[in-house]
Amino acid sequence: MTLAVAAYLLNSSLLVKESALVFILDIFFIWFFRDPERTVEGPKDVILSPADGKIVDIRDNTACIFMNIYNVHVNRAPVSGKIVKMKHKDGGYLPAFFKDSHRNERNLICIESDYGLVRMVQIAGTVTRRIDTYFNVGDSVVRGERIGMIRFGSRVDITPPNGYTLIVNKGDRVKAAVSAIAIRNTTGQNDSGHHAGG
């Protein structure tokens, strides 16, 4: 606003361009850090997506969700439970959709639910230089609750407990706290011996 006023009073084309750039950047950051409300619905044992984005890979019963720069970047708890483990690992900043991104900076969150252990990994991308997590070990979270944010392009991997089946496919678009990622098998029991890995 100050630059715009100065540009008008001084009749400066340079200040006009600078004020326009600042205005555009302000709009971009307001839009990028948007945090819309979400209504959580469906059975409590259904594991929801922790992030907005696209399923770019499914491996070892893990769904990999890539968040591009246009997605909402607030991460949400996929299930209700207690955080029993968190582990941050420093690393590089390869594009988060690359398979080699296992070398990237990441943050592991293990949530013990009534239905077993859910593993969620926040992974930094090319532009990302910060992973924010709003909870600590020992805290309880509610399904759909805001749990953290990864700034700019990044990825979140979600692994359901034993006894669950992923119901998403590569290429699917998902929304945090809205889209179902995995459902509990109707036959057999969950393996209560599943433990927090690292």
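- In terms of hydrophobic clustering, with Ile, Leu, Val, Met, Phe, Trp and Tyr side chains grouped at heavy-atom distances under 4.5 Å, Val79 and Phe135 are assigned to a common cluster.
- For residues 45-54, the set of pairs meeting the salt bridge (charged side-chain N to carboxylate O under 4.0 Å, His left out) definition, not counting sequence neighbours, comprises Arg38-Asp52, Asp45-Arg184.
- Heavy-atom minimum distance, Ser49 versus Ala51: OG-O, 2.6 Å.
- Among residue pairs with one or both ends in residues 131-142, those qualifying as salt bridge (charged side-chain N to carboxylate O under 4.0 Å, His left out) are Arg130-Asp132, Asp132-Arg151; sequence neighbours excluded.
- Residues Asn136 and Ile83 fail the side-chain proximity criterion, which asks for heavy atoms closer than 4.5 Å.
- Here the closest non-hydrogen pair linking Cys110 and Leu117 is CB-CD1, 3.9 Å.
- Contact annotation: the side chain of Ile65 approaches that of Ile55 to within less than 4.5 Å [non-hydrogen atoms, C-beta and beyond].
- Distance NZ/Lys85 to CZ/Arg119: 7.5 Å, rounded to 0.5 Å.
- Looking only at side-chain heavy atoms (C-beta outward), Leu48 and Val178 stay at 4.5 Å or farther from each other.
- Under the 4.5 Å side-chain heavy-atom criterion for grouping Ile, Leu, Val, Met, Phe, Trp and Tyr, Val142 is not connected to Met120 through any hydrophobic cluster.
- Looking only at side-chain heavy atoms (C-beta outward), Arg155 and Cys64 come within less than 4.5 Å of each other.
- Summarising the geometry of Ile47 relative to Pro160, their closest heavy-atom pair is CD1-CB, 3.6 Å, with the distance given to 0.1 Å.
- For Arg143 and Glu41, the salt-bridge test fails: no basic side-chain N is under 4.0 Å from an acidic carboxylate O.
- The minimum heavy-atom distance between Asp57 and Lys170, with the atom names listed, is N-CG, 4.4 Å.
- A distance of 11.5 Å separates CZ of Arg106 from CG of Asp90, quoted to the nearest 0.5 Å.
- Rounding to the nearest 0.5 Å places CD1 of Ile123 at 10.0 Å from NZ of Lys89.
- What you find for Ile58 and Asn169 is that their closest heavy atoms are CD1-CA, 3.8 Å.
- Using a 4.5 Å cut-off between side-chain heavy atoms of Ile, Leu, Val, Met, Phe, Trp and Tyr, with links allowed through other members, Ile183 and Leu166 fall into different hydrophobic clusters.
- With a 4.5 Å cut-off on side-chain heavy atoms, Gln122 and Ser154 do not count as touching.
- In this structure, Pro78 and Ile111 have side chains that are in contact, with non-hydrogen atoms separated by less than 4.5 Å.
- Under the 3.5 Å distance criterion, with hydrogens and angles disregarded, no donor-acceptor pair is assigned to the side chains of Asn61 and Thr159.
- At least one donor-acceptor pair under 3.5 Å links the side chain of Asn68 to the backbone N or O of Tyr70.
- The two residues Ala124 and Ile150 come nearest to each other via the heavy atoms CA-CG2, 4.3 Å.
- The structure places NZ of Lys44 at 7.0 Å from OH of Tyr115, a figure rounded to the nearest 0.5 Å.
- Residues Met67 and Asn75 have side chains in contact (heavy-atom distance under 4.5 Å, counting atoms from C-beta outward).
- Using a 4.5 Å cut-off on side-chain heavy atoms (C-beta onward), Thr133 and His88 make no contact.
- Hydrophobic clustering (ILVMFWY, side-chain heavy atoms < 4.5 Å, transitive): Tyr134 and Val141 are in one cluster.
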